[in-house]
Amino acid sequence: MSEQNSEFKTTKEILKLNEGEKVKVRGWIYRKRDLADNIFIVIRDSEGIIQTVLSRKNSPESIISLAEKANIESSIMVEGVVKNDERAPGGKEIQIENLSVIGFSDDFPIKGGESIDYLLDIRHLWLRSRKLTAVMKIRQSILEGMREYFKKNNWWEVNPPILTQSAVEGGATLFEVNFFGKKAYLSQSAQFYLEVMIFSLERVWAITPSFRAEKSRTRRHLYEYYHLEGEAAWMNMKDMMGHVEGLVKSAIKKVLNDRLEELEIVKRNVNILENSLKASFPEITYDEAIEKLRRKGINLKWGDDIGADEEKVLTEYYDTPFFLTMFPKHLKSFYMKIDDSRPELVYGFDLEAPEGYGEVVGGSQREDSYEKLYKRIIEEGLNPNDYQWYLDLRKYGSVPHSGYGLGVDRLVTWIAGLDHIRDSIPFPRFRERIYP
RNA sequence: GCCGGGGUAGCUCAGCAGGUAGAGCGCCCGGCUGUUAACCGGGCGGUCGAGGGUUCGAGUCCCUCCCCCGGCGCCA
(Lines give C-alpha, C1' and ligand atoms only; values in the text may rest on other atoms or scores of the structure.)
Protein backbone atom coordinates (compact mmCIF):
# COMPACT_ATOMS: atom_id res chain seq x y z
CA MET A 1 0.00 0.00 0.00
CA SER A 2 1.32 3.38 -0.97
CA GLU A 3 1.84 6.13 1.58
CA GLN A 4 0.60 8.69 -0.92
CA ASN A 5 -3.14 9.16 -0.98
CA SER A 6 -3.80 8.99 -4.71
CA GLU A 7 -7.21 10.61 -4.34
CA PHE A 8 -5.55 14.04 -4.12
CA LYS A 9 -3.19 15.74 -6.54
CA THR A 10 -0.50 18.14 -5.39
CA THR A 11 -0.38 21.70 -6.71
CA LYS A 12 2.72 20.82 -8.71
CA GLU A 13 1.07 17.78 -10.31
CA ILE A 14 -1.96 19.83 -11.30
CA LEU A 15 0.19 22.29 -13.26
CA LYS A 16 1.15 19.36 -15.51
CA LEU A 17 -2.42 18.15 -16.15
CA ASN A 18 -4.48 18.80 -19.25
CA GLU A 19 -7.50 21.04 -19.50
CA GLY A 20 -10.73 19.32 -18.57
CA GLU A 21 -9.29 16.84 -16.07
CA LYS A 22 -11.16 16.47 -12.84
CA VAL A 23 -9.03 16.76 -9.67
CA LYS A 24 -9.08 17.02 -5.91
CA VAL A 25 -6.59 19.23 -4.02
CA ARG A 26 -6.10 20.03 -0.39
CA GLY A 27 -4.03 22.62 1.36
CA TRP A 28 -4.18 26.03 2.97
CA ILE A 29 -5.61 29.28 1.63
CA TYR A 30 -2.63 31.35 0.50
CA ARG A 31 -4.55 34.29 -0.99
CA LYS A 32 -8.23 35.02 -1.41
CA ARG A 33 -9.93 37.65 -3.55
CA ASP A 34 -13.66 37.96 -3.27
CA LEU A 35 -15.09 39.54 -6.45
CA ALA A 36 -18.46 40.10 -8.08
CA ASP A 37 -18.70 37.00 -10.24
CA ASN A 38 -15.94 34.83 -8.81
CA ILE A 39 -14.09 34.09 -5.62
CA PHE A 40 -10.41 33.40 -6.28
CA ILE A 41 -8.78 31.09 -3.76
CA VAL A 42 -5.08 30.38 -4.14
CA ILE A 43 -4.25 27.11 -2.40
CA ARG A 44 -0.83 26.41 -0.94
CA ASP A 45 0.56 22.93 -0.24
CA SER A 46 4.07 21.64 0.45
CA GLU A 47 4.94 21.79 -3.24
CA GLY A 48 3.62 25.15 -4.35
CA ILE A 49 0.44 27.08 -5.10
CA ILE A 50 -2.52 26.72 -7.44
CA GLN A 51 -5.34 29.17 -8.15
CA THR A 52 -8.88 27.89 -7.81
CA VAL A 53 -11.98 29.79 -8.90
CA LEU A 54 -15.47 29.59 -7.48
CA SER A 55 -18.19 30.92 -9.79
CA ARG A 56 -20.88 32.73 -7.85
CA LYS A 57 -23.41 32.08 -10.63
CA ASN A 58 -22.93 28.35 -11.03
CA SER A 59 -22.37 27.26 -7.45
CA PRO A 60 -24.74 26.40 -4.62
CA GLU A 61 -25.18 28.99 -1.89
CA SER A 62 -23.77 26.61 0.74
CA ILE A 63 -20.38 26.48 -0.97
CA ILE A 64 -20.28 30.20 -1.64
CA SER A 65 -20.87 31.07 1.99
CA LEU A 66 -18.16 28.62 3.07
CA ALA A 67 -15.72 30.28 0.70
CA GLU A 68 -16.69 33.71 1.98
CA LYS A 69 -16.10 32.69 5.58
CA ALA A 70 -12.81 30.89 5.07
CA ASN A 71 -9.93 33.26 5.88
CA ILE A 72 -6.34 33.06 4.72
CA GLU A 73 -4.61 29.94 6.14
CA SER A 74 -7.85 27.99 6.53
CA SER A 75 -7.27 24.38 5.52
CA ILE A 76 -9.57 23.30 2.71
CA MET A 77 -10.31 20.59 0.18
CA VAL A 78 -11.38 21.46 -3.34
CA GLU A 79 -12.75 19.36 -6.16
CA GLY A 80 -12.98 20.73 -9.67
CA VAL A 81 -11.87 20.84 -13.27
CA VAL A 82 -8.51 21.98 -14.60
CA LYS A 83 -8.66 24.95 -16.94
CA ASN A 84 -5.92 26.75 -18.85
CA ASP A 85 -5.92 30.49 -18.26
CA GLU A 86 -2.93 32.73 -18.75
CA ARG A 87 -4.28 35.11 -16.10
CA ALA A 88 -3.75 32.42 -13.46
CA PRO A 89 -0.32 32.07 -11.81
CA GLY A 90 1.34 29.11 -13.49
CA GLY A 91 -1.14 29.29 -16.40
CA LYS A 92 -3.64 26.84 -14.91
CA GLU A 93 -6.47 27.05 -12.45
CA ILE A 94 -9.22 24.86 -11.07
CA GLN A 95 -12.89 25.63 -11.56
CA ILE A 96 -14.38 24.69 -8.22
CA GLU A 97 -17.26 22.23 -8.16
CA ASN A 98 -17.06 21.34 -4.52
CA LEU A 99 -15.28 22.83 -1.54
CA SER A 100 -15.02 21.92 2.11
CA VAL A 101 -13.27 23.58 5.00
CA ILE A 102 -11.28 21.29 7.29
CA GLY A 103 -10.17 23.97 9.72
CA PHE A 104 -11.13 27.64 9.71
CA SER A 105 -8.35 30.14 10.43
CA ASP A 106 -8.38 33.12 12.75
CA ASP A 107 -7.14 36.34 11.19
CA PHE A 108 -3.57 35.38 10.23
CA PRO A 109 -1.09 37.80 11.84
CA ILE A 110 1.39 37.85 8.95
CA LYS A 111 0.32 40.19 6.14
CA GLY A 112 3.70 41.47 4.95
CA GLY A 113 5.95 44.17 6.37
CA GLU A 114 6.30 42.76 9.87
CA SER A 115 9.53 43.26 11.78
CA ILE A 116 12.00 40.41 12.32
CA ASP A 117 11.46 40.58 16.05
CA TYR A 118 7.72 40.13 15.70
CA LEU A 119 8.09 37.39 13.12
CA LEU A 120 10.43 35.49 15.42
CA ASP A 121 7.77 35.58 18.14
CA ILE A 122 5.43 33.84 15.73
CA ARG A 123 8.05 31.61 14.12
CA HIS A 124 5.58 28.71 14.34
CA LEU A 125 3.41 30.60 11.84
CA TRP A 126 6.21 32.31 9.91
CA LEU A 127 7.55 28.89 8.91
CA ARG A 128 4.61 28.59 6.51
CA SER A 129 6.14 31.27 4.27
CA ARG A 130 7.31 30.29 0.82
CA LYS A 131 10.81 31.55 1.57
CA LEU A 132 11.34 29.52 4.73
CA THR A 133 9.72 26.50 3.11
CA ALA A 134 12.20 26.81 0.25
CA VAL A 135 15.14 27.11 2.67
CA MET A 136 14.08 23.99 4.55
CA LYS A 137 14.01 22.05 1.29
CA ILE A 138 17.44 23.38 0.33
CA ARG A 139 18.72 22.35 3.76
CA GLN A 140 17.40 18.85 3.25
CA SER A 141 19.12 18.58 -0.12
CA ILE A 142 22.42 19.79 1.31
CA LEU A 143 22.29 17.07 3.95
CA GLU A 144 21.27 14.53 1.32
CA GLY A 145 24.18 15.52 -0.93
CA MET A 146 26.67 15.11 1.91
CA ARG A 147 25.15 11.82 3.04
CA GLU A 148 25.50 10.44 -0.47
CA TYR A 149 29.16 11.47 -0.51
CA PHE A 150 29.89 9.64 2.74
CA LYS A 151 28.10 6.57 1.44
CA LYS A 152 30.04 6.60 -1.84
CA ASN A 153 33.37 6.84 -0.01
CA ASN A 154 32.61 4.19 2.59
CA TRP A 155 32.35 6.29 5.70
CA TRP A 156 30.35 5.04 8.69
CA GLU A 157 27.73 7.18 10.34
CA VAL A 158 27.82 6.95 14.14
CA ASN A 159 25.86 8.47 17.02
CA PRO A 160 28.02 10.06 19.71
CA PRO A 161 26.51 11.34 22.99
CA ILE A 162 25.13 14.82 23.60
CA LEU A 163 25.43 14.66 27.40
CA THR A 164 29.08 14.74 28.27
CA GLN A 165 31.35 15.10 31.24
CA SER A 166 33.75 17.73 30.04
CA ALA A 167 34.81 20.14 27.38
CA VAL A 168 36.71 19.24 24.24
CA GLU A 169 38.54 22.52 24.42
CA GLY A 170 39.08 24.58 27.52
CA GLY A 171 37.75 27.83 26.12
CA ALA A 172 34.21 27.63 24.83
CA THR A 173 31.45 28.08 27.37
CA LEU A 174 29.24 25.10 28.11
CA PHE A 175 25.61 24.67 29.02
CA GLU A 176 25.48 22.85 32.32
CA VAL A 177 22.91 20.19 33.11
CA ASN A 178 22.18 18.27 36.29
CA PHE A 179 23.03 14.62 35.68
CA PHE A 180 21.53 13.01 38.80
CA GLY A 181 23.51 15.25 41.07
CA LYS A 182 26.67 15.24 38.97
CA LYS A 183 27.61 18.14 36.72
CA ALA A 184 27.28 17.34 33.05
CA TYR A 185 27.36 19.47 29.93
CA LEU A 186 25.71 19.65 26.56
CA SER A 187 28.25 18.63 23.96
CA GLN A 188 30.11 21.29 22.03
CA SER A 189 31.79 18.77 19.73
CA ALA A 190 31.76 15.02 19.12
CA GLN A 191 35.38 15.05 18.00
CA PHE A 192 36.90 13.04 20.83
CA TYR A 193 34.20 10.38 20.58
CA LEU A 194 34.74 10.15 16.83
CA GLU A 195 38.47 9.75 17.41
CA VAL A 196 37.61 6.73 19.52
CA MET A 197 35.54 5.23 16.73
CA ILE A 198 38.22 5.39 14.01
CA PHE A 199 40.10 2.59 15.74
CA SER A 200 37.36 0.20 14.70
CA LEU A 201 35.52 1.84 11.80
CA GLU A 202 38.42 3.90 10.35
CA ARG A 203 36.23 6.54 8.65
CA VAL A 204 33.36 7.87 10.76
CA TRP A 205 31.03 10.83 10.68
CA ALA A 206 28.18 12.15 12.76
CA ILE A 207 25.65 14.91 12.71
CA THR A 208 24.64 16.12 16.14
CA PRO A 209 23.46 19.31 17.75
CA SER A 210 26.35 21.18 19.38
CA PHE A 211 25.96 23.82 22.04
CA ARG A 212 27.95 26.94 22.83
CA ALA A 213 26.92 29.11 25.74
CA GLU A 214 29.15 32.00 24.71
CA LYS A 215 26.93 35.04 24.18
CA SER A 216 27.30 35.97 20.55
CA ARG A 217 25.89 38.94 18.70
CA THR A 218 26.55 38.05 15.09
CA ARG A 219 24.59 36.76 12.15
CA ARG A 220 26.64 33.57 11.94
CA HIS A 221 26.30 32.11 15.45
CA LEU A 222 23.68 29.89 17.04
CA TYR A 223 23.78 28.56 20.60
CA GLU A 224 22.45 25.27 19.30
CA TYR A 225 23.67 24.31 15.86
CA TYR A 226 23.90 21.23 13.69
CA HIS A 227 27.46 20.05 13.70
CA LEU A 228 28.61 17.63 11.04
CA GLU A 229 31.88 16.08 12.09
CA GLY A 230 34.17 13.60 10.37
CA GLU A 231 37.23 11.75 11.57
CA ALA A 232 39.41 9.27 9.67
CA ALA A 233 42.40 7.07 10.35
CA TRP A 234 45.38 7.15 7.98
CA MET A 235 44.48 10.54 6.55
CA ASN A 236 46.78 13.55 6.80
CA MET A 237 45.65 17.17 6.58
CA LYS A 238 45.79 17.29 2.77
CA ASP A 239 43.81 14.07 2.44
CA MET A 240 41.17 15.49 4.74
CA MET A 241 41.01 18.78 2.83
CA GLY A 242 40.35 16.78 -0.33
CA HIS A 243 37.56 14.96 1.44
CA VAL A 244 35.97 18.18 2.74
CA GLU A 245 36.10 19.69 -0.73
CA GLY A 246 34.35 16.66 -2.19
CA LEU A 247 31.77 16.76 0.58
CA VAL A 248 30.89 20.41 0.11
CA LYS A 249 30.82 20.04 -3.68
CA SER A 250 28.47 17.09 -3.34
CA ALA A 251 26.10 19.28 -1.31
CA ILE A 252 26.26 22.10 -3.88
CA LYS A 253 25.72 19.69 -6.75
CA LYS A 254 22.68 18.19 -5.10
CA VAL A 255 21.13 21.59 -4.55
CA LEU A 256 21.81 22.79 -8.10
CA ASN A 257 20.31 19.55 -9.35
CA ASP A 258 17.19 19.27 -7.24
CA ARG A 259 16.42 22.72 -5.82
CA LEU A 260 16.60 25.25 -8.66
CA GLU A 261 13.02 26.32 -8.04
CA GLU A 262 13.72 26.94 -4.36
CA LEU A 263 16.96 28.82 -5.14
CA GLU A 264 14.84 31.12 -7.26
CA ILE A 265 12.30 31.63 -4.47
CA VAL A 266 15.09 32.72 -2.11
CA LYS A 267 16.58 34.81 -4.97
CA ARG A 268 19.95 33.08 -4.88
CA ASN A 269 22.37 33.99 -7.66
CA VAL A 270 23.69 30.56 -8.68
CA ASN A 271 26.84 31.71 -10.53
CA ILE A 272 29.06 31.37 -7.47
CA LEU A 273 27.64 27.93 -6.74
CA GLU A 274 28.31 26.81 -10.30
CA ASN A 275 31.84 28.28 -10.18
CA SER A 276 32.52 26.40 -7.01
CA LEU A 277 31.97 23.08 -8.76
CA LYS A 278 34.29 23.86 -11.69
CA ALA A 279 37.73 24.36 -10.14
CA SER A 280 39.36 22.95 -7.03
CA PHE A 281 39.16 25.08 -3.91
CA PRO A 282 42.29 27.25 -3.58
CA GLU A 283 44.53 26.92 -0.55
CA ILE A 284 46.20 29.84 1.14
CA THR A 285 48.50 29.39 4.10
CA TYR A 286 48.37 31.58 7.15
CA ASP A 287 51.77 33.05 6.12
CA GLU A 288 50.43 33.97 2.68
CA ALA A 289 47.21 35.36 4.14
CA ILE A 290 49.11 37.71 6.45
CA GLU A 291 51.23 38.78 3.50
CA LYS A 292 48.18 39.49 1.32
CA LEU A 293 46.42 41.40 4.05
CA ARG A 294 49.50 43.52 4.72
CA ARG A 295 49.73 44.36 1.01
CA LYS A 296 46.10 45.45 1.26
CA GLY A 297 47.26 47.93 3.88
CA ILE A 298 45.91 46.13 6.93
CA ASN A 299 48.06 46.53 9.99
CA LEU A 300 48.76 42.92 11.00
CA LYS A 301 51.85 41.11 12.13
CA TRP A 302 52.69 37.43 12.00
CA GLY A 303 51.07 35.70 14.95
CA ASP A 304 47.96 37.88 14.99
CA ASP A 305 44.63 36.15 14.60
CA ILE A 306 42.77 36.53 11.33
CA GLY A 307 39.42 37.92 12.46
CA ALA A 308 36.07 38.29 10.75
CA ASP A 309 37.00 41.60 9.13
CA GLU A 310 40.22 40.16 7.72
CA GLU A 311 38.40 37.06 6.51
CA LYS A 312 36.03 39.28 4.55
CA VAL A 313 38.97 40.96 2.84
CA LEU A 314 40.47 37.58 1.87
CA THR A 315 37.09 36.53 0.57
CA GLU A 316 37.37 39.21 -2.10
CA TYR A 317 40.20 37.31 -3.78
CA TYR A 318 38.04 34.26 -4.50
CA ASP A 319 34.73 33.36 -6.07
CA THR A 320 34.69 29.85 -4.64
CA PRO A 321 35.22 28.50 -1.14
CA PHE A 322 38.89 28.43 -0.18
CA PHE A 323 41.12 26.85 2.45
CA LEU A 324 43.15 28.68 5.05
CA THR A 325 45.89 26.40 6.44
CA MET A 326 48.98 26.03 8.66
CA PHE A 327 48.26 28.32 11.59
CA PRO A 328 50.52 29.43 14.42
CA LYS A 329 50.00 26.87 17.15
CA HIS A 330 49.15 29.46 19.80
CA LEU A 331 46.00 30.37 17.85
CA LYS A 332 44.70 26.81 17.73
CA SER A 333 43.74 23.91 19.96
CA PHE A 334 46.15 21.60 21.75
CA TYR A 335 45.17 18.47 19.79
CA MET A 336 46.38 19.78 16.41
CA LYS A 337 49.55 18.15 15.11
CA ILE A 338 52.69 20.26 15.06
CA ASP A 339 54.70 20.67 11.85
CA ASP A 340 58.14 19.29 12.84
CA SER A 341 59.89 21.37 10.17
CA ARG A 342 58.34 24.54 11.63
CA PRO A 343 57.33 23.77 15.20
CA GLU A 344 55.53 27.11 15.56
CA LEU A 345 52.87 25.84 13.11
CA VAL A 346 50.12 23.26 13.31
CA TYR A 347 48.38 21.24 10.60
CA GLY A 348 45.08 23.04 10.86
CA PHE A 349 42.70 24.10 8.11
CA ASP A 350 39.57 26.21 7.79
CA LEU A 351 37.23 26.28 4.83
CA GLU A 352 35.97 29.78 4.13
CA ALA A 353 32.84 30.46 2.09
CA PRO A 354 33.10 33.35 -0.39
CA GLU A 355 30.91 36.48 -0.61
CA GLY A 356 31.80 37.46 2.92
CA TYR A 357 30.20 34.41 4.53
CA GLY A 358 33.41 33.17 6.15
CA GLU A 359 34.25 30.06 8.11
CA VAL A 360 32.16 26.97 7.45
CA VAL A 361 34.59 24.18 8.35
CA GLY A 362 37.41 23.89 10.85
CA GLY A 363 39.65 20.84 10.89
CA SER A 364 43.12 19.51 11.47
CA GLN A 365 45.44 16.58 11.52
CA ARG A 366 45.44 15.36 15.12
CA GLU A 367 48.48 14.87 17.30
CA ASP A 368 48.99 11.09 17.42
CA SER A 369 52.00 10.87 19.72
CA TYR A 370 51.20 10.32 23.39
CA GLU A 371 54.22 12.27 24.59
CA LYS A 372 53.66 15.27 22.36
CA LEU A 373 49.97 15.43 23.12
CA TYR A 374 50.65 15.20 26.85
CA LYS A 375 53.16 18.01 26.57
CA ARG A 376 50.71 20.21 24.66
CA ILE A 377 48.04 19.67 27.30
CA ILE A 378 50.45 20.82 30.00
CA GLU A 379 51.60 23.75 27.86
CA GLU A 380 48.03 24.95 27.48
CA GLY A 381 47.57 24.85 31.24
CA LEU A 382 45.05 22.02 31.04
CA ASN A 383 44.79 19.08 33.42
CA PRO A 384 45.85 15.74 31.83
CA ASN A 385 43.49 13.91 34.20
CA ASP A 386 40.58 15.45 32.32
CA TYR A 387 41.85 13.87 29.11
CA GLN A 388 42.71 10.41 30.32
CA TRP A 389 40.65 8.34 27.93
CA TYR A 390 41.54 10.66 25.08
CA LEU A 391 45.24 10.22 25.81
CA ASP A 392 44.69 6.48 26.06
CA LEU A 393 43.93 6.35 22.34
CA ARG A 394 47.62 7.19 21.71
CA LYS A 395 48.77 4.23 23.81
CA TYR A 396 47.05 1.40 21.97
CA GLY A 397 48.13 1.37 18.36
CA SER A 398 48.04 5.09 17.56
CA VAL A 399 47.63 6.09 13.91
CA PRO A 400 47.94 9.31 11.97
CA HIS A 401 44.46 10.73 11.62
CA SER A 402 42.55 13.89 10.82
CA GLY A 403 39.09 15.32 11.31
CA TYR A 404 36.90 18.38 10.99
CA GLY A 405 33.68 20.00 12.04
CA LEU A 406 31.28 21.57 9.56
CA GLY A 407 28.59 24.05 10.54
CA VAL A 408 25.54 22.73 8.70
CA ASP A 409 23.57 25.89 9.34
CA ARG A 410 26.43 28.02 8.05
CA LEU A 411 26.69 25.95 4.90
CA VAL A 412 22.94 26.33 4.37
CA THR A 413 23.22 30.08 4.98
CA TRP A 414 25.87 30.41 2.28
CA ILE A 415 24.38 28.05 -0.31
CA ALA A 416 20.93 29.60 0.05
CA GLY A 417 22.48 33.09 0.10
CA LEU A 418 20.73 34.07 3.34
CA ASP A 419 21.66 37.24 5.19
CA HIS A 420 21.34 35.65 8.64
CA ILE A 421 21.92 32.17 10.05
CA ARG A 422 18.55 32.26 11.86
CA ASP A 423 16.68 31.43 8.67
CA SER A 424 18.77 28.35 7.92
CA ILE A 425 17.09 26.38 10.72
CA PRO A 426 13.39 26.20 11.72
CA PHE A 427 13.74 27.23 15.35
CA PRO A 428 16.98 29.19 15.75
CA ARG A 429 18.45 29.44 19.22
CA PHE A 430 20.20 32.79 19.38
CA ARG A 431 20.03 36.14 21.15
CA GLU A 432 18.38 34.71 24.30
CA ARG A 433 15.48 33.46 22.25
CA ILE A 434 13.92 30.18 23.42
CA TYR A 435 10.30 30.68 22.29
CA PRO A 436 8.73 29.06 20.33
C1' G B 1 31.55 41.20 27.46
C1' C B 2 32.49 45.80 24.28
C1' C B 3 30.81 49.70 20.49
C1' G B 4 26.65 51.89 17.79
C1' G B 5 21.16 52.33 16.68
C1' G B 6 16.13 51.74 18.43
C1' G B 7 11.26 50.68 21.57
C1' U B 8 4.55 55.49 19.76
C1' A B 9 -2.48 51.85 17.12
C1' G B 10 -2.84 44.53 15.59
C1' C B 11 1.63 45.63 11.89
C1' U B 12 5.28 49.41 9.62
C1' C B 13 6.51 54.18 11.01
C1' A B 14 6.00 59.91 11.53
C1' G B 15 5.58 63.31 15.71
C1' C B 16 11.36 65.85 19.41
C1' A B 17 12.41 74.69 20.29
C1' G B 18 7.83 70.34 26.19
C1' G B 19 1.17 72.46 25.32
C1' U B 20 -3.87 66.89 25.97
C1' A B 21 -1.35 61.79 19.85
C1' G B 22 -1.04 61.13 13.50
C1' A B 23 -0.34 58.37 8.50
C1' G B 24 -0.18 53.85 5.67
C1' C B 25 -1.39 48.75 6.00
C1' G B 26 -4.64 45.27 8.58
C1' C B 27 -9.56 44.56 10.84
C1' C B 28 -15.25 45.80 10.64
C1' C B 29 -19.19 48.08 7.34
C1' G B 30 -20.55 49.77 2.39
C1' G B 31 -19.26 50.23 -2.94
C1' C B 32 -16.67 48.49 -7.41
C1' U B 33 -14.43 44.60 -9.57
C1' G B 34 -10.97 37.89 -13.76
C1' U B 35 -8.45 39.17 -9.06
C1' U B 36 -2.67 38.72 -8.82
C1' A B 37 0.22 41.82 -1.67
C1' A B 38 -6.91 43.97 -5.96
C1' C B 39 -9.10 49.00 -5.67
C1' C B 40 -12.44 53.30 -3.54
C1' G B 41 -15.27 55.53 0.83
C1' G B 42 -16.46 55.31 6.08
C1' G B 43 -15.62 53.27 11.03
C1' C B 44 -13.14 50.83 15.29
C1' G B 45 -8.44 51.14 17.38
C1' G B 46 -3.04 53.92 21.66
C1' U B 47 -1.40 52.85 30.18
C1' C B 48 3.73 56.57 23.57
C1' G B 49 8.97 49.70 26.78
C1' A B 50 8.92 50.01 32.71
C1' G B 51 9.85 52.94 37.09
C1' G B 52 11.35 57.55 39.17
C1' G B 53 12.53 62.95 38.62
C1' U B 54 12.22 68.29 36.60
C1' U B 55 7.80 71.34 35.16
C1' C B 56 1.56 74.66 35.69
C1' G B 57 2.06 70.82 31.84
C1' A B 58 6.42 65.24 29.47
C1' G B 59 5.84 60.63 23.74
C1' U B 60 9.22 64.94 23.73
C1' C B 61 14.16 66.94 28.99
C1' C B 62 17.13 64.08 33.17
C1' C B 63 18.25 59.26 35.95
C1' U B 64 17.75 53.84 36.56
C1' C B 65 16.20 49.32 34.53
C1' C B 66 14.17 45.90 30.69
C1' C B 67 13.77 44.40 25.63
C1' C B 68 15.07 44.49 20.30
C1' C B 69 18.46 45.47 15.96
C1' G B 70 23.63 46.02 13.60
C1' G B 71 29.00 45.22 14.37
C1' C B 72 33.36 43.10 17.20
C1' G B 73 35.16 39.13 20.24
C1' C B 74 34.22 33.57 20.85
C1' C B 75 33.79 29.77 17.09
C1' A B 76 31.03 25.89 13.16
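Throughout, a chain's letter reflects where its sequence line sits, starting with A, and its residues are numbered from 1.
Across all strands shown, B:rG59 forms no Watson-Crick or G-U wobble pair with both distances under 3.5 Å. Remark: B:rC65 base-pairs with B:rG49. Criterion, Watson-Crick or G-U wobble with two distances under 3.5 Å. Nucleotide B:rG1: paired with B:rC72 (Watson-Crick or G-U wobble, both distances less than 3.5 Å). B:rG41: Watson-Crick or G-U partner is B:rC29, with both key distances under 3.5 Å. The base-pairing partner of B:rA23, taking Watson-Crick or G-U wobble contacts with both distances under 3.5 Å, is B:rU12.
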Between the protein and nucleotides 24-32 of chain B, which nitrogen or oxygen pairs are less than 3.5 angstrom apart?
residue, atom, partner, partner atom, Å
B:rG26, O2', A:K111, NZ, 3.2

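Separating the CG atom of A:L174 from the C1' atom of B:rC74 is a distance of 13 Å, rounded to the nearest angstrom. The distance from atom CG of A:N38 to atom C1' of B:rU33 is 11 Å, rounded to the nearest whole Å. Nucleotide B:rG34 holds its C1' atom 14 Å from the CD1 atom of A:I41, rounded to whole Å. Counting to the nearest Å, the P atom of B:rA76 and the CZ atom of A:R139 are 17 Å from each other. Counting to the nearest Å, the P atom of B:rC75 and the CD1 atom of A:I421 are 16 Å from each other. As rounded to whole Å, 11 Å separates atom P of B:rA37 from atom CD1 of A:I72. Rounded to an integer number of Å, the gap from A:I425 CD1 to B:rA76 C1' is 12 Å. Between A:R87 atom CZ and B:rU36 atom P there is a gap of 12 Å when expressed in whole angstrom units.
In this structure, A:K337 is not positioned above the aromatic face of A:Y347 in the sense of NZ or CZ being under 6.0 Å from the six-membered ring centre and within 45° of the axis. For the pair A:R212 and A:F175, the cation does not sit on the ring face, since its NZ or CZ is not both under 6.0 Å from the ring centre and inside 45° of the axis. With A:F334 as the aromatic partner, A:R376 does not meet the cation-pi criteria of under 6.0 angstrom to the ring centre and within 45 degrees of the ring axis. At least one test fails for A:K32 against the ring of A:F40: distance under 6.0 Å to the centre or angle within 45° of the axis.
Listed by chain and number, the residues in a ring-ring contact (aromatic ring centres under 6.0 Å, His included) with A:Y30 amount to none (sequence neighbours excluded). Residues meeting the side-chain contact (heavy atoms from CB on, under 4.5 Å) test with A:K57, sequence neighbours left out: A:D37, A:S55. Evaluation of the side-chain contact (heavy atoms from CB on, under 4.5 Å) rule for A:E316 yields A:K296 as partners, not counting sequence neighbours. A:P384 meets the side-chain contact (heavy atoms from CB on, under 4.5 Å) test with A:Y374, A:I377, A:I378, A:L391; sequence neighbours excluded.
The separation of B:rC13 from B:rG46, taken at their C1' atoms, amounts to 14 Å, rounded to a whole angstrom. Between the C1' atoms of B:rA21 and B:rG59, the separation comes to 8 Å (whole Å). When the C1' atom is compared between B:rG6 and B:rG19, the two are found 26 Å apart, to the nearest whole Å. When the P atom is used for both B:rC63 and B:rU54, the distance is 15 Å, rounded to whole Å. B:rA17 and B:rG10 are spaced 34 Å apart, taking the C1' atom of each and rounding to whole Å. For B:rG15 and B:rU60, the P atoms lie 15 Å apart once the distance is rounded to whole Å. Spacing of C1' atoms, B:rG18 relative to B:rG53, comes out at 15 Å, to the nearest Å. With C1' as the reference atom, B:rG26 and B:rG45 are 11 Å apart, rounded to whole Å.
A:V244 has its side chain out of reach of A:F281: every pair of non-hydrogen atoms, C-beta onward, lies at least 4.5 Å apart. Side-chain contact between A:R147 and A:W155 is absent, with no heavy-atom pair separated by less than 4.5 Å. Between A:M241 and A:F349, the closest side-chain pair of non-hydrogen atoms falls below 4.5 Å.
Ring pair A:H227/A:F211: centre-to-centre distance not below 6.0 Å.
A:E93 comes within 4.0 angstrom of a base, heavy atoms only. Using a 4.0 Å heavy-atom distance criterion, A:E229 is classed as making no nucleic acid contact. Here A:V361 lies in heavy-atom contact (under 4.0 Å) with sugar-phosphate atoms only.
For A:Q51 and B:rU35, a side-chain-to-base donor-acceptor distance below 3.5 Å is present, hydrogens and geometry of angles not being considered. One cannot find a donor-acceptor pair under 3.5 Å joining the base of B:rG34 and the side-chain atoms of A:D37.
Remark on RNA chain B: of its neighbouring residues A:A36 and A:D350, the 5'-side contact belongs to A:A36, judged by nearest-heavy-atom nucleotide.
A distance cut-off of 5.5 Å between ring centres, combined with a plane angle under 30°, leaves A:F40 outside any stacking arrangement with the base of B:rG34.
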*Assign a letter to each nucleotide of nucleotides 65-73 of chain B from its 5' end: B, base within under 4.0 Å of a protein heavy atom; S, sugar-phosphate only; -, no contact.*
---SBBBBB
